[in-house]
Amino acid sequence: AMEKSYVSMFLLLIAISCVLAKDAGKKDTKETTAKPKLPQTLSRGWGDQLIWTQTYEEALFRAKHSQKPLMIIHHLEDCPHSQALKKVFAENKDIQKLAEKFILLNLVYETTDKNLAPDGQYVPRILFIDPSLTVRADITGRYSNRLYAYEPSDISLLYSNMQKAMKLLKTEL
């Protein structure tokens, strides 16, 4: 009879330690959910819930293999025009929803690929690349001197250009 009570005591201890471990675990998850996730840092504020690629090479690879168009946003943190465009882009629900269908990349530096600066290295500028990895020179903003520039007031044009990038895809592939 003595052995039995030892066993039940032992099981009770195991049960208690499991409960304690669970509570400790709960505290941890609260802290980790408060911390920003990786995509948030990659988004740089352009849409924290969107999935952003880390590099141009990764973005090209994903566009090709997922057959999704790629949207590349060149911007600078200390550029007021970039900041203003980012704010309306991030706050526009339609844009954010449509952006989910794209491979996304935002860059605060220039790549060595000259195709990404068809008419110069200004910011902000937004280019679309199709899954055949062709820069869509036909999807431009409203300024003839900076073809891929958008102002905050051009947000509806940007939205229709995003739709255009999706549509072209369906007809050509």
Side-chain angles (χ1 to χ4, degrees), residues 32 35-173:
T32 49
K35 278 180 200 139
K37 293 177 192 73
L38 183 66
Q40 272 185 314
T41 49
L42 289 177
S43 89
R44 296 189 180 93
W46 288 87
D48 290 342
Q49 80 293 349
L50 295 168
I51 296 164
W52 296 83
T53 49
Q54 199 153 9
T55 63
Y56 180 44
E57 291 69 30
E58 181 197 346
L60 290 175
F61 180 85
R62 285 214 194 160
K64 191 175 180 172
H65 289 272
S66 66
Q67 292 299 300
K68 285 181 180 177
L70 163 59
M71 177 163 62
I72 298 187
I73 304 170
H74 284 89
H75 64 110
L76 288 171
E77 296 294 345
D78 57 359
C79 160
H81 300 286
S82 296
Q83 291 299 325
L85 183 63
K86 179 199 293 196
K87 191 173 171 3
V88 294
F89 186 95
E91 287 170 7
N92 187 299
K93 293 202 168 42
D94 294 332
I95 290 241
Q96 291 288 309
K97 188 93 196 93
L98 187 53
E100 291 174 7
K101 300 191 165 120
F102 285 80
I103 302 298
L104 299 167
L105 177 66
N106 68 77
L107 292 173
V108 287
Y109 53 86
E110 293 292 338
T111 67
T112 52
D113 188 347
K114 296 285 173 279
N115 296 313
L116 290 189
D119 64 342
Q121 297 188 336
Y122 51 87
V123 292
R125 71 180 194 279
I126 299 177
L127 290 106
F128 296 94
I129 296 178
D130 67 28
S132 76
L133 306 188
T134 307
V135 173
R136 303 300 316 217
D138 54 336
I139 306 182
T140 56
R142 67 172 85 244
Y143 309 101
S144 53
N145 60 334
R146 302 188 311 281
L147 290 176
Y148 307 96
Y150 297 86
E151 300 280 326
S153 56
D154 302 328
I155 202 75
S156 58
L157 173 64
L158 177 57
Y159 182 73
S160 65
N161 277 349
M162 288 167 71
Q163 289 178 311
K164 206 183 197 177
M166 294 301 303
K167 274 198 198 88
L168 287 168
L169 200 70
K170 291 192 180 71
T171 54
E172 286 170 21
L173 292 174

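- Side-chain atoms of Pro80 and Gln83, non-hydrogen and from C-beta on, never get closer than 4.5 Å to each other.
- Arg125 and Ala117 make their closest contact through NH2-CB, 3.7 Å (heavy atoms, listed as atom of the first residue, atom of the second, distance).
- Annotation: the span from Glu77 atom CD to Arg44 atom CZ amounts to 7.0 Å, rounded to 0.5 Å.
- When all heavy atoms of Ala165 and Phe102 are compared, the pair lying nearest together is CB-CE2, 3.8 Å.
- Contact annotation: the side chain of Tyr150 never approaches that of Val88 to less than 4.5 Å [non-hydrogen atoms, C-beta and beyond].
- No donor-acceptor pair closer than 3.5 Å links the side chain of Lys101 to the backbone N or O of Met162.
- For the atom pair CG of Asn161 and OG1 of Thr140, the computed distance is 6.5 Å after rounding to the nearest 0.5 Å.
- In the displayed structure, Phe61 atom CZ is contacted under 6.0 Å by at most 12 heavy atoms of other residues, nucleotides or ligands.
- Between Thr134 atom OG1 and Leu70 atom CG the span is 11.5 Å, to the nearest 0.5 Å.
- Residues Tyr148 and Arg136 come closest through the heavy atom pair CE2-O, 4.1 Å.
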- Query: Between Tyr159 and Asn92, does a side-chain hydrogen bond (donor to acceptor under 3.5 Å, both in side chains) hold up when you go through it step by step?
  - Reply: CA-CA 10 Å; Tyr159 182 73; Asn92 187 299; over 6 Å; no

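- Arg146 and Tyr122 get closest at one heavy-atom pair: C-OH, 3.4 Å.
- With rounding to the nearest 0.5 Å, the separation of CG in Leu105 from CG in Leu116 is 8.5 Å.
- For the pair His75/Leu85, no side-chain contact is recorded, criterion being any heavy-atom separation below 4.5 Å from C-beta on.
- Here Ile129 contributes atom CD1 and Lys64 contributes atom NZ; the two are 13.0 Å apart, rounded to the nearest 0.5 Å.
- Listed for the Ser66 side chain is a donor-acceptor partner under 3.5 Å among the backbone atoms of Arg62.
- Of all heavy-atom pairs spanning Asp119 and Leu147, the tightest one is OD2-N, 2.7 Å.
- In this structure, Ser82 contributes its side chain and Leu76 its backbone to a donor-acceptor pair below 3.5 Å.
- The minimum heavy-atom distance between Gly47 and Gln96, with the atom names listed, is CA-OE1, 3.3 Å.
- Note on ring orientation: taking the six-membered ring where Trp is involved, the planes of Trp46 and Phe89 are perpendicular (angle over 60°, cut-offs 30° and 60°).
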Using the rule given for salt bridge (Lys or Arg N to Asp or Glu O under 4.0 Å), can you reason through Glu100 versus Lys68, listing the C-alpha separation, both sets of side-chain angles and the distance that settles it, and then say yes or no? CA-CA 10 Å; Glu100 291 174 7; Lys68 285 181 180 177; over 6 Å; no

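- The line from CG of Leu127 to CE of Met71 is 11.0 Å long, rounded to the nearest 0.5 Å.
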